[in-house]
Amino acid sequence: MRLGTLARAARAGGIALAVFAAIVLAADTPALAQQGTAPEVASESPVDGLVPGNTLGGTSDTDFWRAVRQGEAGNVSIPDQKSATLVQSEGELWRSLRNGPIALYASWALLAIIVVLCLFFAIRGRIKIEHGRSDKTITRFAGVERFGHWLLASSFIILALTGLNVMYGRYVLMPVIGAEAFAWLTMIGKYLHNYLAFAFMAGLAMIFVMWVRHNLPDRTDIKWILQAGGLFSKHLHPPAKKFNAGQKMIFWLTILGGLSVSVSGWSLLFPYTTHFFGGTFEVVNSIFGTSLPTALSVLQEQQLATLWHSIMSVFLVCVIIAHIYIGSIGMEGAFDAMGSGEVDLNWAKEHHSLWVEEVLARQGEAGKSTTAPTPQPAE
Ligand code: HEM
């Protein structure tokens, strides 16, 4: 009921604005004001759809409004040139995509990943250290590596929650906590989302620099993939270096997905200043011979950026939910790697045997000149 009234008011307001703007546009729009014999205008008042001053010339009302409806831009004397376009149909398309299929499929994807993980947990249970905990540990991640990881992880989790609130909060949270509390929460969330984006980018850059060399694909990955990482068997422990093939996938999805979310997010942080999609489409066209539009208006750029940002973010959230599962309740001993940085030697041998050999060999070498015994006895 209220919505209907609002819609009618908005429509009436829109028509009034359109009439006003038509007057402004027609006064100085060569594309719209075509040549032709001007019809006689009896009065200066805008009655019967006539524009005062006869500035429409020979352009019929139908042609004029069709041009406006099709997004033709007029001229405005204020600095904001976007306001010269009265009707931008892509806005409606954007709205229906965002509130329709994107919101719907994103919620299905989130639900699906949670269901899959619950099923996996129900069937496989917690992946145990097969040979039990030893009395020795080995250093897996240095302090700076853990700092980079947690900078990335904590900012990402807040970004994900505040972003999902923008998408679903009004349907999920608002009915529970009320409109006023929801408004406050969303406003705080928006600031967190805007500023923590920089922490996320910094964390992403840190882990890229620190871990990229360990995440280049190599021959050991093939065996790991063929044995599905031993995830479905209690006694299978395919050899792996510092990161196994599954972790390499997570790493690259995080880096590339994170980059994509950051770049599209940058467009949203600094609206109407970027032309990333036009530029990207140009490259895509030149590689694949497609004919994607490259001369996009700043508004179209903005609309594409928000759509892409939501799609990529939800995709990344799904990937990271799986990662968090395996790094915490899904696998015994895994969390220690990012908690204290020290992992149990048996855990390390079962999941990263080649890496353990490398570390021990390196320390054996070093031990010849220094006294650096490793592994360390567990506390
Ligand atoms: C509570 C949340 C999280 C937990 C418990 C967690 C846990 C872990 C653990 C234990 C490792 C080391 C695994 C090993 O020793 O090999 C790790 C690595 C990693 N984490 Fe997280 N993490 C969390 C959130 C995140 C988030 C939000 C991101 C990215 C946005 C992320 C990205 C990574 C990446 C790229 C790696 C290296 C590759 C890999 O091990 O999969 N983590 N995490």
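Remember, it's 1-based here, ligands and their atoms both numbered in the order they're listed. Worth saying up front: this structure is predicted, and the values here are computed from it rather than measured. FYI, the numbering just counts along the sequence from 1. As a basis for the values below, the full set of heavy atoms in this structure was taken, side chains included, without hydrogen atoms, waters or symmetry mates.
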Ranked by distance from atom 36 (C) of ligand 1, the top protein heavy atom is W211 CZ3, 3.6 Å
So, S89 versus R69: side-chain donor-acceptor pair below 3.5 Å or not? yes
Who are the side chain to side chain donor-acceptor pair (under 3.5 Å) partners of E350, not counting sequence neighbours? H131
Of all the atoms in ligand 1, which lie at a distance below 4.0 Å from a heavy atom belonging to A337? 15 (O)
Centroid-centroid under 6.0 Å between H352 and W347 rings: yes
Measuring centre to centre across the rings, with the benzene-like ring taken for any Trp, is F243 within less than 6.0 Å of W252? no
Could you check whether D61 pairs with R66 (Lys NZ or Arg NE/NH1/NH2 to Asp/Glu carboxylate O, under 4.0 Å)? no
Taking heavy atoms and a distance under 4.0 Å, where does I255 meet ligand 1: side chain, backbone, both or neither? neither
Identify, with sequence neighbours excluded, every residue that meets side chain to side chain contact (heavy atoms under 4.5 Å, CB included) alongside K82. D80, Y272, V298, L299
May I ask you to decide if S233's main-chain N or O and R124's side chain share a donor-acceptor pair within less than 3.5 Å? yes
For ligand 1, which atoms have a heavy atom of W347 less than 4.0 angstrom away? 15 (O)
Under 2.8 Å from atom 21 (Fe) of ligand 1, which protein N, O or S atoms do you find? Ignore water molecules. H149 NE2, H323 NE2
Just by distance, with hydrogens left out, do E90 and Q303 show a side-chain donor and acceptor under 3.5 Å apart? no
Is the distance from the ring center of F120 to that of F232 below 6.0 Å? yes
Ligand 1 atoms in contact with A334 (distance to a heavy atom under 4.0 Å): 10 (C)
Whether F208 lies under 4.0 Å from ligand 1, heavy atom: no
If we ignore hydrogens and angles and just use 3.5 Å, is the side chain of Q247 paired with the main-chain N or O of N244 as donor and acceptor? yes
What part of Y325, side chain from CB on, backbone N/CA/C/O, both or neither, has a heavy atom under 4.0 Å from ligand 1? neither
What pairs meet the side-chain hydrogen bond (donor to acceptor under 3.5 Å, both in side chains) rule with one or both residues in residues 320-331, with sequence neighbours excluded? none
List ligand 1 atoms under 4.0 Å from T254, heavy atoms only on the residue side. 29 (C), 35 (C)
Suppose we measure from atom 15 (O) of ligand 1 to each protein heavy atom; which comes out shortest, and what is that distance? R140 NE, 2.7 Å
Nearest protein heavy atom to atom 12 (C) of ligand 1, by residue and atom, and its distance? F141 CE1, 3.6 Å
Salt-bridge contact R133-D336 (side-chain N to carboxylate O under 4.0 Å): yes
Which ligand 1 atoms are under 4.0 Å away from a heavy-atom of F335? 5 (C), 10 (C)
So, 4.0 Å and heavy atoms of W150: is ligand 1 close enough to count as a contact? yes
Which protein heavy atom lies closest to atom 30 (C) of ligand 1, and at what distance to 0.1 Å? F156 CG, 3.6 Å
W266 and T274: side-chain donor and acceptor closer than 3.5 Å? no
Nearest non-hydrogen protein atom to atom 35 (C) of ligand 1, with distance, is I207 CD1, 3.7 Å
Residue and atom name of the nearest protein heavy atom (relative to atom 14 (C) of ligand 1), distance in Å to one decimal: Q247 NE2, 3.2 Å
